[in-house]
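Counting starts at 1 for both ligands and their atoms, following the listed order.
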Amino acid sequence: MSTEPEVIVKLERVEKIYKQGMIDVPALRGMDLEVRRGEFMALTGPSGSGKTTALNIIGGLDKPTSGKALVQGTDLAGMSRSQLSKMRRDKIGFVFQAYNLVPVLTAFENAEMVLRLQGMPADKRREIVVKLLADVGLEGMENRRPAEMSGGQQQRVAIARAIASRPLVTLADEPTANVDSATAELLLQLMERLNRERNVTFIFSTHDPRVMARARRIVHMVDGMVTEDEIKN
Ligand SMILES: Nc1ncnc2c1ncn2[C@@H]1O[C@H](COP(=O)(O)OP(=O)(O)O)[C@@H](O)[C@H]1O
Ligand SMILES: [Mg+2]
């Protein structure tokens, strides 16, 4: 009997071709990938290699031109729009390069967003989110708006928002691209600890070698295909 954690994300020969007027732009050219619960994985590769496209397809924000994208064994192509948005809400955490917080909401209100959409009662949301914000290093900043926080602090709010509902997998597209290297290091330490202590599965894209060094698995892409898949230690 194998004790390996279950495969939660699977891409099978995924192709993605964007149309730009008359021109076909191939973004993914037959990408295969399996991700298991608990992984801390970096998707690397030069700009234009398809990292963002791959994350968007895994997260159900975009659809393959051909091939299959499966989340817990379910083919996303077979889902209706409403099934897909429910799948995103309940199973996927998103962290973006530009934080994407709602500017008029406080750190607390941003972080509780998904729980609110899921219909969790206010007192339960408060209990979870106050603890979580403290855990990501933002105790006392619950009432600040994004403009009153540094980039690193905003990204901590975004990470809290992404993991508050304990999604199946958290996708982070170049999460450290907009912060200085010391802040990037602290954000990586935070994500690593959340992976260890809360078993948060992370798939993040990066082309920062220091970020890659922290990943336990590195999947390297060139021209829309996986060229290397290295599991460390
Ligand atoms: N919406 C789009 N329309 C047309 N081409 C796109 C679109 N999104 C991405 N591409 C193209 O697809 C390729 C892969 O892009 P992307 O997934 O953003 O790569 P990465 O995140 O690794 O930089 C690039 O050639 C890019 O120009
Ligand atoms: Mg990108």
*Does Pro26 reach ligand 1 with a nitrogen or oxygen that is under 3.5 Å from one of the ligand's nitrogen or oxygen atoms?*
no
_Can you tell me how far apart CD (Glu34) and CD (Glu39) are? Round to the nearest 0.5 Å._
9.5 Å
_Any salt bridge linking Asp90 with Lys86? Criterion: basic side-chain nitrogen under 4.0 Å from a carboxylate oxygen._
yes
*Short list, please: which atoms of ligand 1 are under 4.0 Å from a heavy atom of Ser47?*
23 (O)
*Look at atom 17 (O) of ligand 1 and find which of Thr53, Asn56, Ile23 reaches it with the closest heavy atom.*
Thr53
_Per-atom contacts of ligand 1 with Pro46, taking only distances under 4.0 Å to non-hydrogen atoms_ = 22 (O)
*SB check Arg214 Glu185 (cutoff 4.0 Å)*: yes
*Do the side chains of Glu6 and Arg36 get nearer than 4.5 Å, heavy atoms only?*
no
*Can a protein heavy atom be found under 4.0 Å away from atom 27 (O) of ligand 1?*
no
_Within-cut-off N or O pair, Gly50 and ligand 1, under 3.5 Å_ = yes
*Is Arg29 paired with Glu15 through a side-chain N to carboxylate O contact shorter than 4.0 Å?*
no
_Protein N, O or S within less than 2.8 Å of the Mg ion (ligand 2), waters excluded_ = Thr52 OG1
_Protein non-hydrogen atom below 4.0 angstrom of atom 7 (C) of ligand 1 present_ = yes
*Relative to the heavy atoms of Ala27, which atoms of ligand 1 are at a distance of less than 4.0 Å?*
12 (O), 13 (C), 14 (C)
_Evaluate Asp32 against Lys10 for salt bridge (charged side-chain N to carboxylate O under 4.0 Å, His left out), listing each step before the verdict._
CA-CA 7 Å; Asp32 289 306; Lys10 194 165 184 188; over 6 Å; no
_Quick one, Leu190 and Leu194 - any side-chain contact, counting heavy atoms below 4.5 Å?_
yes
*Quick one: nearest non-hydrogen protein atom to atom 14 (C) of ligand 1, plus distance?*
Gly48 O, 3.4 Å
